[in-house]
Chemist: 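Sending over a structure as structure tokens; questions will come in a sec.
Here is how names work: the chains are called A, B, and so on, in the same order as the sequence lines, proteins then strands, and each is numbered from 1. These values consider heavy atoms only, across backbone and side chains, with no hydrogens, waters or symmetry-generated copies.
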Amino acid sequence: MSVKITMAAGAVGKELEVLMNQIKMFNKIYPDIEVQLLPMPNSSTARHDLYVTYLGAMTSDPDILMIDVIWPAEFAPFVEDLTNDYDYFELDKFLPGTVKSGTVQGRIVAIPWFTDAGLLYYRKDLLKKYGYDVPQTWEELKKVAADIASKEKINGMLFQLNQYEGLVCDVAEFVHSYGADFLDANGKVIIGDPDNHARLVKALTMLKSFIDDGVAPKGVLTYMEEETRRPFQNGESVFLRNWPYVWSLANDPKQSKIAGKIGVAPLPKGDIEGGRHSATLGGWMLAINRYSSAAEKDAAKKFIKFLTSYDQQLYKAINAGQNPTRKAVYSDPKLKEAAPFMVELYNVFINAEPRPITPLYTEVSDSIQRHIHDFLLGKVDIEKALKDLESELKMITGQ
Amino acid sequence: MSTKIKIKYKKKEIWLGFWLVLPAMLAIFITAFFPLLKTFWDSFFSFGLRPGILKRFIGFDNYVRLFHDARFMTSLWNTLIFTLISVTLEFILGLATALILNAKFALRGLVRAAILIPWAVPTSVSSQMWKWMYNDQYGIVAQILYKLGWLAPGTPILSEKWSSMMAIIAVDVWKTAPFMALLLLAGLQTIPSELYEAARIDGASGWKQFTKITLPILSPTIAVALIFRTLDALRVFDIFYIMNKSVETLAVYNRHILMDRAFTGAWFGYGSAISVVIFLIISIFAIIYMRSLNLKFE
């Protein structure tokens with residue numbers, strides 16, 4: 001009996017091509033399952049809006065949803081509970097952080113497809129020219145960036161600090177690297193705790209000083225990923241904080257002026273006791289629509305298992321440059337050849353830190369975005385920004 | 001006043017008419033009236049789309065809350081400022097353009113078609129295009145402003161509220177002034193040239209001709225053009241959402257409530273209340289314009 005399933009997935013450039021090939025390979029094993037792609041918009045927010053419309057209306061299509069790591073808690077009531085399929089999907093072989101982001105109150109609702117982590121890109125040639133090592137702390141990074149930038153007359157560092165989800169990712173890395181947080185693991189707002197508060201102030205003041213001291217251009221407050229990748233690969237910045245996708249593009253001599261001159265390292269840690277290197281966990285997962293029929297759900301599981309298998313993750317990593325979620329793939333020699341940084345930075349990917357797991361995430365994130373953006377713009381001072389953020393987060397989470 | 005014409009129809013014809021009109025009426029009811037009534041109805045409830053949130057009747061509570069919501073008040077204010085400034089500028093520029101295009105000159109047809117290009121580009125595309133041109137690193141508009149010394153080099157245009165607002169208004173004017181010009185040009189062409197000839201013979205100056213002939217005859221067209229633009233401007237969404245969504249208009253804030261918060265809590269009724277407020281504000285403007293339009297006809 002043949003089944004037709006629909007899948008909502010990113011469908012831009014290489015991603016679409018790779019997925020189409022994967023469907024062909026899948027059909028060799030399961031000729032009776034037809035997979036139809038529902039291409040989703042490029043922007044994550046636009047995808048979220050579409051899913052809200054589909055799931056809110058309780059339609060049975062699409063059967064498979066490609067969801068951002070921050071959505072499982074919000075979409076949990078609308079997607080299939082996969083807790084009993086833990087062994088079927090071999091989740092014990094996955095990076096634990098990615099499995100955790102698909103777990104909501106002990107229930108598994110989404111399977112990790114590919115993962116992302118914030119990385120520090122740097123100009124190998126420039127660091128060598130001026131005799132610097134890769135900086136280990138934010139303080140060091142600022143000094144090195146400022147020095148090289150002034151001599152080369154380019155930017156020192158680039159972040160994504162437009163008022164959008166990316167700001168939360170960049171800010172979370174700073175905050176975590178100083179051993180601080182906005183919410184604790186149980187979702188409690190801890191901004192006011194004295195030790196944590198002091199660390200938050202240090203972390204955020206440090207971030208702002210990058211802009212105030214001219215190490216990062218003021219424009220970072222309006223940049224998203226692509227607005228930082230372009231100047232970097234045009235040779236207009238010493239450092240860049242961005243996701244793994246930049247690697248293959250910035251190393252493509254057809255479009256990049258600095259191909260072959262790029263290094264990747266873990267982001268620096270905070271200059272404080274208990275500071276650590278931190279990368280925000282990103283990436284996408286696959287979930288199954290609760291309102292699909294039993295036959296469709298069954299077929300969907302088979303397809304998800306196929307897509308997240310060892311061979312397919314390796315294929316996707318090599319051809320689409322998207323990081324595997326299975327641990328073993330990272331020691332595959334083929335991956336080392338195609339994307340050496342993935343293998344070298346395995347520790348960054350395995351230790352990437354999730355953003356708060358709460359069904360209220362979109363509201364929490366919106367609140368962080370507005371208050372921290374206002375602080376970075378210089379509209380409010382740090383004390384007021386944190387105080388307002390604290391009371392708003394408490395209101396949102398009902399504490 | 002129109003004269004009433006009485007025609008006697010046969011019963012059969014009345015029924016035929018009824019059946020012919022019915023599909024259109026049904027379509028309008030389903031696509032326009034039903035959603036409107038449903039939104040009104042929903043605005044009196046507290047509910048969300050997450051399973052387990054009970055729908056509760058709360059009367060006017062959503063509306064009371066709205067006016068204590070600083071974010072809503074800011075977005076209301078932003079919308080009104082945007083509407084006032086952009087429509088005024090578009091009207092002045094549009095009228096000037098229409099007057100120029102109404103004169104006879106070589107290649108007039110080509111110029112008339114060419115000015116419509118900004119209007120023909122989809123707003124989402126032109127917003128993104130302008131966003132790039134405003135970029136502090138590689139944007140041409142930003143570089144010109146820095147070179148002229150109007151802005152300190154490196155100042156991001158789309159970060160501060162006021163510079164964003166002005167930049168966004170500039171794009172809106174660029175985009176819709178041609179539309180305004182086209183509407184007004186159509187009005188200008190209905191003015192018979194004999195009127196101007198007679199005025200010239202009587203020795204009326206150009207300004208006098210403009211204020212005594214052009215403006216009065218053009219006023220119904222002006223009213224229609226202003227209604228179109230004002231109503232459009234009041235529900236502005238795409239240009240702000242793409243260029244700088246931190247400067248919120250009513251529609252941008254409403255998207256946040258209805259989409260980002262659809263599954264997070266009981267916000268759907270609140271979002272409906274915002275929709276109703278947008279509807280009411282637009283209605284007020286529409287009524288004001290209609291009234292002034294009627295007066296002109298009498």
Chemist: Verify the ring-centre separation between Y164(A) and H373(A): is it less than 6.0 angstrom?
Modeler: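 Ring-ring flag for H373(A)/Y164(A): false, centres at least 6.0 Å apart.
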
Chemist: Considering only heavy atoms and a distance below 4.5 Å, find which of T222(A), T358(A), N234(A) pairs most often with chain B.
Modeler: T222(A)

Chemist: Side chain, backbone, both or neither: which part of Q369(A) has a heavy atom under 4.5 Å from chain B?
Modeler: side chain

Chemist: Should the heavy atoms of other residues, nucleotides or ligands under 6.0 Å from CZ of R71(B) be counted, would the total exceed 12?
Modeler: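 It does: R71(B) CZ has more than 12 such atoms within range.
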
Chemist: For D260(B), is it the side chain, the backbone, both or neither that has a heavy atom under 4.5 Å from a heavy atom of chain A?
Modeler: both

Chemist: Report which part of R50(B) has an atom under 4.5 Å of a heavy atom belonging to chain A: side chain, backbone, both, or neither.
Modeler: both

Chemist: Under a 4.0 Å N-O cut-off, is there an ion pair linking R370(A) with D374(A)?
Modeler: no

Chemist: Thinking salt bridges, do D81(A) and R290(A) make one under a 4.0 Å N-O criterion?
Modeler: no

Chemist: Between F239(A) and Y121(A), is the ring centre distance below 6.0 Å?
Modeler: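 Ring centres of Y121(A) and F239(A) not closer than 6.0 Å.
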
Chemist: Mind checking whether F34(B) and F29(B) have parallel, tilted or perpendicular rings, split at 30° and 60°?
Modeler: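 F34(B) and F29(B): tilted rings.
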
Chemist: With a 4.5 angstrom heavy-atom cut-off, is it the side chain or the backbone of P231(A) that approaches chain B, or both, or neither?
Modeler: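 Looking at P231(A), just its side chain touches chain B.
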
Chemist: Go through the atoms of N155(A) and report whether side chain, backbone, both or neither lie under 4.5 Å from a heavy atom of chain B.
Modeler: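 For N155(A), side-chain heavy atoms alone lie under 4.5 Å from chain B.
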
Chemist: Using heavy-atom distances under 4.5 Å, tell me whether L55(A) contacts chain B through its side chain, its backbone, both, or neither.
Modeler: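 Both the backbone and the side chain of L55(A) come within 4.5 Å of chain B.
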
Chemist: Quick check on D366(A) against chain B: is it the side chain, the backbone, both or neither that has a heavy atom closer than 4.5 Å?
Modeler: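 Contact with chain B: side chain only.
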
Chemist: Find the one option among F78(A), F75(A), Y51(A) whose heavy-atom pairs under 4.5 Å with chain B are most numerous.
Modeler: F78(A)

Chemist: Of the backbone (N, CA, C, O) and the side chain (C-beta and beyond), which part of T53(A) lies under 4.5 Å from a heavy atom of chain B, both, or neither?
Modeler: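 Looking at T53(A), just its side chain touches chain B.
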
Chemist: Taking the six-membered ring for Trp, is the centroid-to-centroid distance between F45(B) and F268(B) below 6.0 Å?
Modeler: no

